[in-house]
Amino acid sequence: MIVTRNPALNVAMNVQAMAQTIAQAHHATLALPLPPEAQALKGDQDDMVFAAALLAGHALGFVPADALCLAQAWSRQSLRTGEFHPEQWPTEPVDFGLAPWPRQNAFAPCPSALGLYAVMPDAAWTIRMARAGVPTVQLRFKSGDAAAVRAEVFSAVAGVQGTGARLFINDHWQLAIEAGAYGVHLGQEDLQAMTPAGLKAIKAAGLRLGLSTHGYAEMLIADQHSPSYIAMGAVFPTTLKQMATAPQGTGRLAVYSKMLRDYPRVAIGGIDLGTLPEVLQAGVSSVGVVRALMSAPDLEAAVATWNAAITPA
């Protein structure tokens with residue numbers, strides 16, 4: 001079904017009906033369960049596409065902030081194309097307000113395909129992964145002991161030398177700069193706590209910056225900083241970290257990936273070798289893994305299998 005921007009035609013289809021056509025067209029691939037207490041936002045009825053997409057986003061289980069981003073993109077898409085297609089989910093960066101590339105404020109670039117990306121809880125595991133052949137590793141060491149944190153960061157940086165692995169340090173950006181790590185990774189809460197001076201220091205040191213996201217609103221926030229890569233998750237349920245948002249699934253991963261096409265993209269959260277093919281089909285070439293590697297009885301063999309599956313010859 002196609003409805004043009006002609007007001008005489010649009011008036012025949014009310015906002016509720018338009019919302020239903022959007023939700024029905026994408027329910028199979030994008031819908032998540034709607035929390036019992038969730039309340040739909042109401043959009044300006046003068047922009048029927050915006051109002052309808054806002055309702056559809058709610059019906060499909062998008063959190064309010066993400067539904068709002070989505071509705072704005074639907075409205076911009078319809079204005080840009082002159083048509084409203086319920087089947088045409090917005091994926092163009094310009095419709096989400098993303099600036100074109102190249103950008104003067106961008107952080108140092110990293111490869112478009114980071115490959116297998118192991119996120120580890122301490123330096124010993126991080127070093128072990130790098131020496132087993134994992135191309136990208138992250139030290140995610142959580143402790144209130146400043147001396148212990150410093151020791152872990154410096155140990156990890158020294159330990160991956162000569163392996164060829166790209167080492168990102170989660171959160172501890174000052175130590176990452178001092179120790180000479182490849183990059184820094186920040187979650188959304190870490191990013192919110194960062195000062196402009198801190199981000200400027202990371203950039204000035206030439207370190208890469210990776211940012212975690214869990215939906216449209218967080219992706220648009222991340223994009224404002226022009227990071228080196230954007231991580232998207234959780235794709236599947238995971239028991240390793242308490243998540244504030246529901247697993248997004250590969251349907252959403254695919255539309256997120258299209259919107260963020262100008263970035264290296266890392267999918268993370270509950271991914272194993274069984275689900276890897278559908279994750280890769282969603283348009284990513286980098287996959288974050290934790291449990292599937294740490295529990296492998298033969299780490300070197302597991303890494304070789306993952307590397308071959310992600311980057312086949």
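Grouping the Ile, Leu, Val, Met, Phe, Trp and Tyr side chains by contacts below 4.5 angstrom, directly or via other members, places Leu98 apart from Phe107. Note: the hydrophobic cluster containing Trp173 does not contain Tyr182 (ILVMFWY, side chain heavy atoms under 4.5 Å, direct or indirect links). When the side chains of ILVMFWY residues are joined at heavy-atom separations under 4.5 Å, either directly or via intervening members, Val119 and Val137 end up in a single hydrophobic cluster. A continuous path of hydrophobic side-chain contacts links Val255 to Ile271 [ILVMFWY only; heavy atoms under 4.5 Å]. Leu70 and Ile230 fall within a single hydrophobic cluster, where Ile, Leu, Val, Met, Phe, Trp and Tyr side chains are chained together by heavy-atom contacts under 4.5 Å.
When side chains are defined from C-beta on, Thr250 counts as touching Val235, because their heavy atoms get closer than 4.5 Å. In this structure the side chain of Glu218 never reaches within 4.5 angstrom of the side chain of Asp66, judged on heavy atoms. In this structure, Phe236 and Gln248 have side chains that are not in contact, with every pair of non-hydrogen atoms separated by 4.5 Å or more. With a 4.5 Å cut-off on side-chain heavy atoms, Ile268 and Val287 do not count as touching. When side chains are defined from C-beta on, Ile221 counts as touching Gln188, because their heavy atoms get closer than 4.5 Å. Within the 4.5 Å cutoff, side-chain heavy atoms of Pro121 are placed close to those of Met294. Leu68 has its side chain within reach of Phe50: a pair of non-hydrogen atoms, C-beta onward, lies under 4.5 Å apart. With contacts defined as side-chain heavy-atom distances shorter than 4.5 Å, the pair Phe141/Ile169 does not qualify.
With rounding to the nearest 0.5 angstrom, the OG atom of Ser78 is 8.0 Å from the CE atom of Met18. Here Gln281 contributes atom CD and Leu253 contributes atom CG; the two are 11.5 Å apart, rounded to the nearest 0.5 Å. Atom CE of Met129 is separated from atom OG1 of Thr126 by 8.5 Å, given to the nearest 0.5 angstrom. Separating the CE atom in Met120 from the CG atom in Asn170 is a distance of 12.5 Å, to the nearest 0.5 Å. For the atom pair Asn105 CG and Leu199 CG, the distance stands at 10.5 Å (nearest 0.5 Å). Put simply, CD on Gln72 and OH on Tyr216 are 12.5 Å apart, with the number rounded to the nearest 0.5 Å.
Closest approach of Ala267 and Val284 over heavy atoms only: CB-CG2, 3.9 Å. Ser112 approaches Ser285 most closely through the heavy-atom pair O-OG, 3.6 Å. Shown here for Val266 and Gly288, the closest heavy-atom pair between the two residues is CG1-N, 3.7 Å. Heavy-atom minimum distance, Leu207 versus Ala108: O-CB, 4.2 Å. Taking both residues in full, the closest heavy atoms of Ala59 and Ala23 are given as CB-CB, 4.3 Å, listed atom of the first, atom of the second, then distance. Taking all atoms of both residues into account, the shortest heavy-atom contact from Gly270 to Thr275 is O-OG1, 4.2 Å.
Judged purely by atom type and a 3.5 angstrom limit, Arg265 has no side-chain atom pairing as donor or acceptor with the backbone of Tyr256. Side-chain N or O atoms of His26 include one that pairs as donor or acceptor with a backbone N or O of Pro86 at under 3.5 Å. In this structure a side-chain-to-backbone donor-acceptor pair under 3.5 Å is missing from Arg208 to Gly183. Not one N or O on the side chain of Arg252 forms a donor-acceptor pair closer than 3.5 Å with the backbone of Gly249. No donor-acceptor distance shorter than 3.5 angstrom exists from the side chain of Thr213 to the backbone of Gly215, with no hydrogens or angles considered. Formation of a donor-acceptor pair under 3.5 Å by the Thr311 side chain with backbone atoms of Asn307 is found in this model.
In this structure, a donor-acceptor pair under 3.5 Å is present between the side chains of Glu83 and His85. Residues Arg166 and Thr136 have side chains that bring a donor and an acceptor to within less than 3.5 angstrom of each other.
Taking 4.0 Å as the cut-off between side-chain N and carboxylate O, Asp262 and Arg103 do not count as a salt-bridged pair. With salt bridges taken as basic N to acidic carboxylate O contacts below 4.0 Å, none links Arg140 and Glu152. Arg150 has a carboxylate O that lies under 4.0 Å from a charged side-chain N of Glu178, or vice versa, which qualifies the two as a salt bridge.
Ring-plane geometry between Phe84 and Trp74 is classed as tilted, the angle between the planes lying from 30 to 60 degrees on a 0 to 90 degree scale.
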Met219/Leu260 under side chain to side chain contact (heavy atoms under 4.5 Å, CB included): CA gap, chis, key distance, verdict: CA-CA 8 Å; Met219 290 171 192; Leu260 296 174; 3.9 Å; yes
Side chain to side chain contact (heavy atoms under 4.5 Å, CB included) evaluation trace for Val289 with Tyr117: CA-CA 6 Å; Val289 180; Tyr117 190 151; over 6 Å; no
Trace of the side chain to side chain contact (heavy atoms under 4.5 Å, CB included) decision for Leu139 with Phe168: CA-CA 6 Å; Leu139 171 65; Phe168 287 86; over 6 Å; no
Gln77 vs Glu92, side chain to side chain contact (heavy atoms under 4.5 Å, CB included): CA-CA, chis, key distance, verdict: CA-CA 8 Å; Gln77 175 178 263; Glu92 289 299 319; 5.7 Å; no
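Annotation: side chain to side chain donor-acceptor pair (under 3.5 Å) contacts of Gln24 (sequence neighbours excluded): none. Qualifying side chain to side chain donor-acceptor pair (under 3.5 Å) partners for His185, counting only residues two or more places apart in sequence or in other chains: Ser212, Tyr229.
Counting only residues at least two apart or on different chains, no side chain to side chain donor-acceptor pair (under 3.5 Å) pair has a member in residues 190-206.
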